[in-house]
Amino acid sequence: AQTVTQSQPEMSVQEAETVTLSCTYDTSESDYYLFWYKQPPSRQMILVIRQEAYKQQNATENRFSVNFQKAAKSFSLKISDSQLGDAAMYFCAYKITQGGSEKLVFGKGTKLTVNP
Amino acid sequence: EPEVTQTPSHQVTQMGQEVILRCVPISNHLYFYWYRQILGQKVEFLVSFYNNEISEKSEIFDDQFSVERPDGSNFTLKIRSTKLEDSAMYFCASSPRTFTTEAFFGQGTRLTVV
């Protein structure tokens with residue numbers, strides 16, 4: 001079964017500094033998608049960044065970038081120049097397809113605190 | 001920017017009562033989902049829906065749960081007889097096509113069963 005593991009329940013970072021959130025996953029598939037979602041206190045799930053497994057180049061969205069290591073099944077999120085608004089729960093997710101349907105499998109999340 | 005909207009934002013219900021959670025997916029999306037997040041835990045898949053039928057459901061989605069798209073715009077989740085353990089945040093999501101795109105989530109409905 002596919003699983004997603006986030007080994008850091010909580011992380012903190014100083015404003016303007018860089019922080020890296022870890023995620024590992026387990027799958028036997030060769031083609032899949034990986035996502036990082038942000039859940040601020042408002043509880044809405046907001047997509048931060050996504051990575052296609054067939055692409056070797058790491059995805060980047062402004063201050064957010066990933067380090068995708070396919071062989072190691074690792075997908076970490078780097079947040080540069082951290083801002084107070086980055087404080088949230090961050091969920092790593094893996095998208096699988098089974099029998100034509102789709103679902104996201106989420107990790108347990110990492111709570112990020114940004115200190116002023 | 002189009003978004004998924006969910007109503008109500010918070011619902012309190014007595015154990016054993018029926019509840020209907022409502023969602024309006026993004027208008028040109030074809031795939032719809034319900035996820036659940038028990039407080040402090042991870043987000044869990046409940047059900048996916050495509051072409052007016054369930055395409056996949058998890059073991060959580062038992063006979064007490066049902067979904068429907070009654071009028072081509074709303075997408076509802078019904079829990080027939082709520083239990084205390086159904087208390088959670090319920091997220092609706094939609095995506096325009098299969099596999100290659102992310103799901104867009106609504107803001108969630110917090111269900112409290114007392």
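Lettering follows sequence order; numbering is per chain, from 1.
For A:Leu47, the part lying near chain B is the side chain, with the backbone staying farther off; criterion is any non-hydrogen pair under 4.5 Å. Neither the backbone nor the side chain of B:Tyr50 has a heavy atom closer than 4.5 Å to any heavy atom of chain A.
For B:Tyr90, there are no ring pair (Phe, Tyr, Trp, His ring centres under 6.0 Å) partners two or more places apart in sequence or in a different chain.
Remark: A:Glu52 engages A:Arg50 in a salt bridge, criterion side-chain N to carboxylate O under 4.0 Å. A salt bridge links B:Glu44 with B:Arg36: the closest approach of a Lys/Arg side-chain nitrogen to an acidic carboxylate oxygen falls below 4.0 angstrom.
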Stepwise ring pair (Phe, Tyr, Trp, His ring centres under 6.0 Å) test for A:Tyr32 and A:Tyr94: CA-CA 7 Å; A:Tyr32 47 86; A:Tyr94 168 95; 5.1 Å; yes

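Checking side-chain atoms of A:Tyr37 against main-chain N and O of B:Phe105 turns up no donor-acceptor pair under 3.5 Å. Not one N or O on the side chain of A:Thr5 forms a donor-acceptor pair closer than 3.5 Å with the backbone of A:Ser7.
Chain A forms the most heavy-atom pairs under 4.5 Å with one residue out of B:Gly106, B:Ser9, B:Ala93, and that residue is B:Gly106. Counting heavy-atom pairs under 4.5 Å between each of B:Phe104, B:Tyr33, B:Phe91 and chain A puts B:Phe91 at the top. Most heavy-atom pairs under 4.5 Å with chain B: of the set A:Lys111, A:Gln39, A:Met89, this distinction falls to A:Gln39. Comparing B:Arg110, B:Met89, B:Gln37 by how many heavy-atom pairs each has under 4.5 Å with chain A, the most go to B:Gln37. Looking only at heavy-atom pairs under 4.5 Å with chain B, the residue among A:Gly109, A:Gly107, A:Ala93 that has the most is A:Gly107.
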